[in-house]
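The structure under discussion appears below in the form of structure tokens.
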Amino acid sequence: MIELIQDYWLYFLVGQYPNGPLGGLTLTILLSAAALVLAMPLGLLLGVARVSPFRAVRWPVAALVQVVRAVPLLLVVFWAYFFLPAVTGVKTGQATTMLMTLVLFDAVYLAEIVKAGIQSLPKGQLEGARSLGLSYGQALRLVILPQALRHVSPSLVSQLVATIKATSLGYIIGLSEVSFIATQVNTLVFTKAVEVYIILAATYFILCFGLSRLAFLLERRLNRRSASAPALASVAKVSL
Amino acid sequence: MIQLDGVNKWYGQYHALVDVSEHVAKNEVVVVCGPSGSGKSTLIRTLNRLEEIDGGRIAIDGRDIHAPGIDVNALRAGIGFVFQHFNLFPHLSALENCMLAPVNLKRASKVESRAYAMELLDGVGLAHKADAYPHELSGGQQQRVAIARALAMRPPVMLFDEPTSALDPEMVGEVLGVMRRLAGQGMTMVCVTHEMGFARDVADRILFMSEGRILERATPEDFFTHPTHPRAQQFLADRSGR
């Protein structure tokens, strides 16, 4: 296994870069990070739309959410890769395709989490805010979302971790992320499949477990600083 | 200051407010009482449009508050509202609760808002709890912060919707004390409450409601000594029996 790592660590880390496109673990991490950064505000927006007092806003978003949630991610990947270019005539690269797919898929799940968080609050919170003269938007931003996001932060973190794992589906459209590279290595070496896939699994585990531990520690520190969530309040302000 | 003309409200088939007409003058303290389900809370909630009405007219300072194009946020900013369940924001400290609206509605700078919020918290006897979060406060303290929060917008009118009903008996006094002092300062107040002692001492007028109608309007003295409507007599008899 040591030999395997010695021979292929660079390939595993960055793919064919700089002689080809950037790939490997670096691509996986970049793709996950970009998906998270883009999906979070979109998920917030969709989540808020899900509980909008206006039907014209609520219903189309509900339809989108239900459709995407009822379809396997793999299918959304295919759909984005084959169907979208055929219809629009614009051919997008594998990385862009995968990114768009992840953002859409993630945003939809985040929206449901955000919605649940908002609905977990007593009605008096919105009334209290509105009675002071705050607009609906201000009430959401200053009173509702900071509390709602705090309530559902464990679910948010699970969803973010799921995103990292979901990048592996890029394999199916030939995106040279870390799973694809591992398969390539396996083909080259041929006799060490078990070792290759143990290394791959360990890589994902360190990434995902590390992130959820980090989130846990961060949350505990916030909890210690105050009984509730002024720090998260500022996060919500920024991401809106 | 507050004028209601033939106000009607339905919840589906249920007629919650029936042709309610009333006037509340500036500096007046009006107590609304009546059995539960009589429409008291619904009535007070229509005054800042937490509830919409289905007929009639409500004017505050001569402006029809249900007219199209009215700025409901500006309207509410000028009316303090105190809820039965306080509705403090649990993620903010007592002081931050009192600063949120003035700062975000740009009524005053952060420094001014903070100073005024501290002054108000001091006024309700909670300056030492300015940095406490709502869950660290007793019910009575939470309600006093809620009153300070409403006052932070410097509203000319205060509405109280059963402000002591969710409190343990020993905490009722501290909240009523704050309300008494407000009334003494000349605040225009409409209070839905079951606290008959408060009504007797502080109210300029008492409105008795039953089944969505105002059945009796009287000074506290008249109301408690010789109520005219049979339902009001019954209501008072039931209370004094306790």
Side-chain angles (χ1 to χ4, degrees), chain A residues 44 48 52-55 114 116-154 156 218-240, chain B residues 41 44-45 47-51 71-107 131-137 142-143 145-146 148-155 157-161 166:
Chain A
L44 259 178
V48 166
S52 163
F54 304 107
R55 244 180 249 168
V114 169
I118 292 174
Q119 289 177 336
S120 74
L121 299 179
K123 177 170 129 256
Q125 287 296 308
L126 185 61
E127 281 192 349
R130 296 304 304 274
S131 77
L132 292 166
L134 297 173
S135 67
Y136 183 75
Q138 286 172 318
L140 274 183
R141 181 166 58 85
L142 300 167
V143 174
I144 303 300
L145 285 178
Q147 294 182 64
L149 295 182
R150 180 46 164 264
H151 285 186
V152 296
S153 60
L156 290 175
L218 206 68
E219 196 183 351
R220 215 173 52 175
R221 227 172 85 189
L222 288 179
N223 276 334
R224 215 178 302 141
R225 202 183 309 165
S226 75
S228 211
L232 256 186
S234 52
V235 172
K237 259 179 244 169
V238 171
S239 41
L240 264 185
Chain B
S41 284
I44 202 169
R45 286 165 60 88
L47 300 182
N48 73 343
R49 277 186 63 177
L50 282 178
E51 299 284 347
D71 181 350
V72 68
N73 298 324
L75 166 79
R76 287 179 180 146
I79 302 174
F81 199 99
V82 177
F83 296 85
Q84 181 178 353
H85 295 288
F86 334 132
N87 296 350
L88 288 180
F89 308 132
H91 62 302
L92 301 176
S93 69
L95 184 66
E96 289 166 336
N97 263 276
C98 296
M99 292 170 59
L100 185 78
V103 169
N104 284 283
L105 295 172
K106 307 214 166 20
R107 287 306 165 95
D131 294 323
Y133 286 87
H135 77 272
E136 299 168 323
L137 301 172
Q142 288 191 48
Q143 192 61 298
V145 172
R149 179 179 74 176
L151 290 171
M153 291 299 290
R154 304 177 192 261
V157 190
M158 287 285 284
L159 308 176
F160 294 84
D161 186 7

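Proteins come first, then strands; the chains are lettered A, B, ... in the order of their sequence lines, and each starts at number 1. Side-chain atoms are counted along with the backbone in the values below, which use heavy atoms only and exclude waters and symmetry mates.
- Contacts between B:Leu159 and chain A at a heavy-atom distance below 4.5 Å are absent for every atom of the residue.
- Proximity to chain A is absent for every atom of B:Leu75, based on heavy atoms less than 4.5 angstrom apart.
- Both the backbone and the side chain of B:Asn104 come within contact range of chain A, with heavy atoms under 4.5 Å apart.
- Within the structure, side-chain hydrogen bond (donor to acceptor under 3.5 Å, both in side chains) pairs that include any residue of residues 122-133 of chain A comprise A:Gln125-A:Gln147, A:Glu127-B:Arg45, A:Arg130-B:Asn73 (at least two apart or interchain).
- The contact between B:Phe83 and chain A is made entirely by side chain atoms (from C-beta outward), counting heavy-atom distances below 4.5 Å.
- Counting only heavy atoms from C-beta outward, the side chains of B:Arg76 and A:Leu132 never approach each other to under 4.5 Å.
- The two residues A:Leu142 and B:His91 have their closest heavy-atom pair at O-NE2, 2.9 Å.
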side-chain contact (heavy atoms from CB on, under 4.5 Å), that's the test. Do B:Leu92 and A:Val143 meet it? Break it down for me.
CA-CA 9 Å; B:Leu92 301 176; A:Val143 174; 5.6 Å; no
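- Of the two parts of B:Val82, neither the backbone nor the side chain holds a non-hydrogen atom closer than 4.5 Å to a non-hydrogen atom of chain A.
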